[in-house]
Amino acid sequence: MSSDRYPFREIEAKWQGIWEARNQFRVTEDPSKPKFYCLEMFPYPSGRIHMGHVRVYAIGDVLARYKRMRGFNVLHPMGWDAFGLPAENAAIEHGVHPAIWTYENIDHMRAQLKKMGLSYDWDREVATCDPAYYKWEQLVFIKMLERGLAYRKRSRVNWCPSCQTVLANEQVEAGRCWRCDTEVTQKDVDGWFFKITKYADELLEWCERLPGWPERVMTMQRNWIGRSEGAEFDLPVAGRAGLAARVFTFIADYVLMGYGTGAIMAVPGEDQRDWDFAAQHGLPIIETVARPAGFTGQAYTGDGVKINSGFLDGLTVAEATRKAIDWLVARGLGEARVNYRLRDWGISRQRYWGAPIPVVYCDRHGMVPEKEENLPVVLPRDVQISGKGSSPLAEVASFVNAKCPVCGGPARRDTDTMDTFVESSWYFLRYCSPRYDQGMFERQAAEYWMPVDQYIGGIEHAVLHLLYARFYTKVLRDLGLVKVDEPFLGLLSQGMVIKDGAKMSKSKGNVVDPDDLIRSLGADTARLFSLFAAPPERDLDWNDHGVEGASRFLNRVWRFVIGHAEELRTAPRRAAGPLSEAGRAFRRTIHETIARVTTDIENEFHFNTAISAIMEMVNALHAFDAAAAAPREERLALTREAVETLLLLVGPFCPHIAEELWSALGHAESVFAQRWPEEEPAALARDEVTVVVQVDGKVRSRLTVEVGAPDERVRERALADDKVRPWLAGRRVARVVVIPGRLVNVVTRAD
RNA sequence: GCUGGUGUAGCCCAAUCGGCAGAGGCGACCGACUUAAAAUCGGUUCAGUGGGGGUUCGAAUCCCUCCACCAGCACCA
């Protein structure tokens, strides 16, 4: 590794200091400007940032800085998803209090993020473990309780024996705990539920109305909600009123009791499981859907026309389903019924490090919510965390023993805490007015900033956090607190960071530490490579040589600009006379680059191709400088235009080097106070284009033709071309296809 | 099994409406500079787009089919 790299350590520290001293990224509501709320999923303060964080925060920062330069008032906040089990595990393993562990981690990770040069309004930082934060969530809990949106029941739940707590359905992955991968067992437990099923239809409908979301996330949410329509009816065990045939009835542990009624109708002809069951028990198998020609399987599960089904014969499966439901309803035999796969959200966790559930149990009055003026119900500091037995809070007498809000008599507090996904279901609202102490958030601030215009985070939250946050926002709307129906207008699900074919992990030994990288090559290089190596939605293959390449590019930019800074400071902004041919071509490259970078950022966040366009321009800049084909004055003017454009375009990606070089050119203002450049149509104009000439689809020649040349002329020139004529010898021209400005294809036949 | 995605050069990735397969980076190789090396600069190399079929003047792109990999769902009737 070379020693003559540009002084990234000094300039990165310098500009981070200047931005902070100037409060450059602090924002307030400003109705005179269009707003843009740019949000990345906040991290869990696990201790250190990893490359996945570098990637997602680099993506968000490019967007935030770019939008500011486009004139938007940009809200770009950061905070901490600070409750959670790892803090308790640390307490068990190292005897550190979860609060101390968490806040120390936050301090460390904040410092790490600051070294990345991210343009956050740090004044809005929140930590969800702060009582001033979770107080409002307790208040909303009470309001949900009043409206029947939060309820308590005993139920069979998913239990993680390792985490010693209940898990929601969404938190079980293939029968294992989403966090620790332990096999999940079943257990009967009393607990609190949020009535997310009440919003199932609305959550589903809005899946069609969020075009800024990736289709795959919406598909996953639709599948998760799992709406299905059918009918529910009583099947008389004897008598069989109105039903045509005898039906066998089995009682067996063959079905899911928790879904629907626990009774099913078996259709062995059209369901392989039922086929197997029928075959095993010697039952008749009646085909009720016509098999397509050539079908050789047993049960047929595809679509088709009904047969052997009386009045349903001849209909498709979907039509028959609807008609059968109508038939049952019309005869009063049953009713239409919608079932969902989605279950209510179980939020009780038998853990310490979470927001207390603000209810007490009184011998006289039963379950009673805490009074509003007594909120927050503060998590007690003094607690023994052993990792064994029941909820740690149950052992804290001073917490458990409470007064009944109704009668003042002795009562016991609920000793469970809320699922930490509750905190992350509204933090984006808290950022709008993070220090507001009269409520969850200030109404006007939320009305100005919400919804989040662009949300960025990992695909692993496709149905967890993203579904909960959508639900919670709708609850807040129905409580009259917010106006928006949905929290996130656009969603970008970024891919994982991979190295040597696997996700980075300690056990695989393929971890790249962001601190090491920033120390050895700088934050701008770390950002540049993580943005350049792949489009954001795809997995990123980390490659140390590739990182070197990113560093090399920034060094190249540095050397060129510093080497020319002095003459560029006094260079004319525009060349006096008309440009030379070389000058016109170079200026076109500059403006084409502006157009490409802008569309790449705007459409689909293709930062990788935006960066490659910038690299091309830098290559062109070196070539233009070396060739010295234009007069000196013109060369200086164009070099100045190119370099200034370059720094503006590079700024969102690599902000420190852009600021330093911008100031080296004599500018007093921040590069981020500049307007994003716009391409000049006149600079893009060409008089001539290259047209490819094909004979029978194979490229045989190229023509340079003036823009707007009539097809007929281009056709004649193509046919007369020296490189084309030999391919026409002995053949007849059957057809000539002319695509203006692009290509000519001469189609021939044998003579 | 179902659903969605991906498959282009040795590697990471590009390629507007179907119109020159290659922009950028990495690697390798050659040259310049150097006593030498590093760094730097310049250049060269390399695939016919996972396989097969179809539509078209023309297909990485559209259609059919098969394969591989990734992700989600999966006794939800």
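Quick note on labels: first sequence line is chain A, next is B, and so on, each numbered from 1.
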Per atom distances to the A:Val699 side chain, the nearest of B:rU40, B:rG25, B:rC20 is B:rC20
Determine: side-chain N/O of A:Arg735 to OP1/OP2 of B:rC57, distance under 4.0 Å, yes or no. yes
Side-chain contact check for A:Asn543: nearest option of B:rC26, B:rG19, B:rC12 is B:rC26
Original post:
Per the atom types in the model, does the base of B:rC57 pair as donor or acceptor with the side chain of A:Asn745 at under 3.5 Å?
Top reply: yes
- Between B:rA15 and B:rA28, how far apart are the P atoms? Round to whole Å, please. 27 Å
Select base, sugar-phosphate, or nothing to describe what A:Gln694 touches, counting heavy atoms under 4.0 Å on all strands. base
Which part of the nucleic acid, if any, lies within contact of A:Asp696, taking any heavy atom under 4.0 Å across all strands shown: a base, the sugar-phosphate backbone alone, or nothing? nothing
Which of B:rG27, B:rG24, B:rC13 is nearest the side chain of A:Ala534? It is B:rC13
Point to revise | Residues A:Ile59, A:Gln494; criterion side-chain contact (heavy atoms from CB on, under 4.5 Å); working and verdict | key: CA-CA 9 Å; A:Ile59 292 168; A:Gln494 102 277 0; 3.9 Å; yes
A:Lys499 NZ to B:rC12 P, in whole Å, measures 14 Å
Rounded to whole Å, the CG-P distance (A:Asp541 to B:rA14) equals 13 Å
Hey, would you say the A:Phe529 and A:Trp542 ring centroids sit under 6.0 Å apart? yes
Looking only at B:rC57, B:rA14, B:rC20, the nucleotide nearest the A:Val747 side chain is B:rC57
Notebook entry, point to check: Using the C1' atom in both, what is the distance from B:rG18 to B:rU56, to the nearest Å?
Noted result: 9 Å
Winner on side-chain proximity to A:Arg538, out of B:rG19, B:rC13, B:rG27, is B:rC13
Applying the 3.5 Å cut-off to both distances, the Watson-Crick or G-U partner of B:rG42 turns out to be B:rC30
From CZ of A:Phe529 across to P of B:rC11 the rounded distance in Å is 16 Å
Distance below 4.0 Å between A:Arg552 side-chain N/O and B:rG27 OP1 or OP2 = yes
note: A:Phe560, atom CZ; B:rG42, atom P; distance rounded to Å ~ 12 Å
Work out how far the C1' atom of B:rU49 is from that of B:rG7, and round it to whole angstrom. 9 Å
Which is true for A:Gly697 with a 4.0 Å heavy-atom rule: it touches a base, it touches only sugar-phosphate, or it touches nothing? nothing
Considering only heavy side-chain atoms of A:Arg742, the closest of B:rA14, B:rG24, B:rG19 is B:rG19
Per atom distances to the A:Asn619 side chain, the nearest of B:rG24, B:rC41, B:rG4 is B:rG24
With the side chain defined as heavy atoms from C-beta on, A:Val692 is closest, among B:rG24, B:rG19, B:rC20, to B:rC20
- Within the distance-only criterion (no hydrogens, no angle test), does the side chain of A:Arg596 pair as donor or acceptor with the backbone N or O of A:Ser612 below 3.5 angstrom? no
Exercise. Tell me, yes or no, whether the heavy-atom count around A:Glu604 atom CD, taken from other residues, nucleotides or ligands under 6.0 Å, exceeds 12.
Key: no
Exercise. Evaluate the ring planes of A:His461 and A:His465, with Trp represented by its six-membered ring, and classify them as parallel (under 30°), tilted (30 to 60°) or perpendicular (over 60°).
Key: perpendicular
Ranking B:rU40, B:rG24, B:rG19 by distance to the side chain of A:Phe532, first place goes to B:rG24
A:Met615 CE to B:rC26 C1', in whole Å, measures 11 Å
Within 6.0 Å of CD in A:Glu678, more than 12 heavy atoms from elsewhere: no
Of the candidates B:rG24, B:rG19, B:rC41, the side chain of A:Arg556 sits closest to B:rC41
> Using the P atom in both, what is the distance from B:rG53 to B:rU45, to the nearest Å?
Replying inline: 31 Å
Q. Are A:Arg559 and B:rC41 close enough that a side-chain N or O sits under 4.0 Å from OP1 or OP2?
A. yes
- Check: A:Phe193 main-chain N/O paired with A:Asp344 side-chain donor or acceptor under 3.5 Å: no
A:Phe607 CZ to B:rC13 P, in whole Å, measures 17 Å
Can you tell me, in whole Å, how much space there is between the C1' of B:rG27 and that of B:rC13? 14 Å
